[in-house]
Amino acid sequence: MTGKTTAYAERLSALLRERGMAPARAEELVAELTAYAAEAGSPLEEEFGPAGELADQLTRREGAGAVDGPGDGPDTWVWTADALQEVELLARFGGQGWEAERLDRLGRFVCRRDRQTPLRWAYRRETTGGRHREQLTARLATEGWELFGTWGPFAYFKRPEAAVTGPAAQLSAPPAPPRRRVYFAPWILVTLAAAVAVAVATVLLAGSGAGLTDGASLAGALVGLTAGGLLGAWAWRSAARRHTG
């Protein structure tokens with residue numbers, strides 16, 4: 001644990017105790033959050049935001065002065081997916097009781113699930129921005145939808161299933177937290193790897209003069225590479241919009 005991480009963890013622990021949380025529970029939460037941040041490879045502050053704001057969120061969730069005991073706190077989990085899968089995955093994980101609290105700075109879903117009374121959650125993703133996003137958020141709020149994050153052209157909303165189904169939204173035996181944290185389709189990884197390989201080869205050939213003997217040839221290669229990238233991006237966004245909802 002780095003000095004910066006240690007300082008953040010110590011400050012968070014102190015803030016939780018100041019807000020009335022039992023010391024043992026505060027230490028347990030800090031240890032869990034530190035482990036998640038270490039596994040994700042991100043500094044604590046980058047992963048969870050300022051210590052004061054995080055302490056406020058945790059104490060609101062846990063309840064200041066709550067009785068300390070094993071298994072009382074929520075499960076936490078951070079995951080990410082490509083735009084073609086995330087709507088389906090949000091529905092699946094929401095059905096398992098995972099509430100997405102926010103998107104972090106890397107666009108990952110920061111989720112929690114109450115261990116005592118887990119509830120199902122519903123999600124929707126909309127492609128919108130600017131003033132239209134504000135109008136859409138206000139309209140959906142009347143139906144119980146809450147905006148919990150934005151990423152690029154997408155806005156993400158959540159709603160407890162209890163708002164629709166009542167007591168049936170409570171889970172009696174939720175599955176264990178998923179071990180996997182990254183959900184990217186194999187073809188996306190292959191395409192990215194191929195694009196990087198082509199870009200590197202182009203630069204190397206340009207530097208050595210092999211196969212690209214004049215400026216026109218180099219310009220043609222770069223134009224083709226750019227066009228391919230733009231076409232791929234257009235196809236990705238088109239498919240993503242078809243999966244929005």
Side-chain angles (χ1 to χ4, degrees), residues 8 33 36-37 39-58 60-61 74-114 119-164 178 180-185 188-189 191-192 229-230 232-245:
Y8 183 99
L33 296 174
Y36 277 113
E39 186 174 341
S42 302
L44 274 168
E45 186 163 9
E46 179 180 312
E47 186 71 33
F48 299 107
E53 294 180 8
L54 179 57
D56 289 338
Q57 294 174 10
L58 292 174
R60 280 198 301 268
R61 293 290 185 183
D75 290 318
T76 56
W77 176 47
V78 180
W79 62 280
T80 187
D82 63 68
L84 302 182
Q85 298 186 81
E86 62 183 14
V87 172
E88 178 183 348
L89 290 172
L90 280 167
R92 180 199 306 175
F93 298 138
Q96 296 175 4
W98 290 101
E99 176 191 0
E101 294 190 310
R102 60 186 176 87
L103 291 173
D104 67 11
R105 290 173 175 81
L106 299 178
R108 297 174 299 183
F109 298 98
V110 180
C111 302
R112 70 181 297 278
R113 183 174 67 186
D114 192 287
L119 299 174
R120 293 184 176 89
W121 287 81
Y123 296 96
R124 62 187 296 166
R125 184 183 73 188
E126 301 290 342
T127 305
T128 182
R131 178 170 295 183
H132 178 65
R133 177 177 295 169
E134 296 178 2
Q135 296 171 346
L136 178 64
T137 300
R139 178 173 62 82
L140 292 179
T142 63
E143 303 173 13
W145 293 100
E146 174 189 353
L147 178 70
F148 70 87
T150 59
W151 187 257
F154 300 134
Y156 299 86
F157 298 84
K158 64 181 178 181
R159 181 174 68 180
E161 282 287 356
V164 178
R180 188 175 173 186
R181 293 175 177 272
V182 178
Y183 298 84
F184 287 125
I188 291 180
L189 300 178
T191 301
L192 289 175
L230 291 175
W234 173 82
W236 178 85
R237 291 193 63 181
S238 297
R241 284 179 176 174
R242 289 197 298 272
H243 282 73
T244 297

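Rounded to the nearest 0.5 angstrom, E126 CD and L136 CG are separated by 5.5 Å. One finds the CH2 atom of W151 at 6.5 Å from the CG atom of L106 (value rounded to the nearest 0.5 Å). Separating the CD atom in E86 from the CH2 atom in W79 is a distance of 6.5 Å, to the nearest 0.5 Å. Annotation: the span from E146 atom CD to L140 atom CG amounts to 12.0 Å, rounded to 0.5 Å.
A donor-acceptor contact shorter than 3.5 Å links the side chain of R125 to the backbone of A83. Put simply, the side chain of R102 never gets that close to the backbone of V110: no donor and acceptor are under 3.5 Å apart. The backbone N or O of F157 sits nowhere less than 3.5 Å from a side-chain atom of R124 that would complete a donor-acceptor pair. With hydrogens and angles disregarded, a donor-acceptor distance shorter than 3.5 Å links the side chain of R159 to the backbone of E143. At distances below 3.5 Å, not a single donor-acceptor pair connects side-chain atoms of K158 with backbone N or O atoms of E99. With Y156 contributing its side chain and L103 its backbone, the two residues share no donor-acceptor pair below 3.5 Å.
Residues L90 and W121 form no side-chain contact, since every pair of their non-hydrogen atoms from C-beta on lies 4.5 Å or further apart. F93 places none of its side-chain heavy atoms less than 4.5 Å from the side chain of Y123.
Within 6.0 Å of the CZ atom in R180, the count of heavy atoms belonging to other residues, nucleotides or ligands exceeds 12.
Residues passing the side chain to side chain contact (heavy atoms under 4.5 Å, CB included) test with E134: none are found, sequence neighbours excluded. Among residues two or more places apart in sequence or in another chain, the side chain to side chain contact (heavy atoms under 4.5 Å, CB included) test is passed with A122 by W145, E161.
The distance between the ring centers of F109 and Y183 does not fall below 6.0 angstrom.
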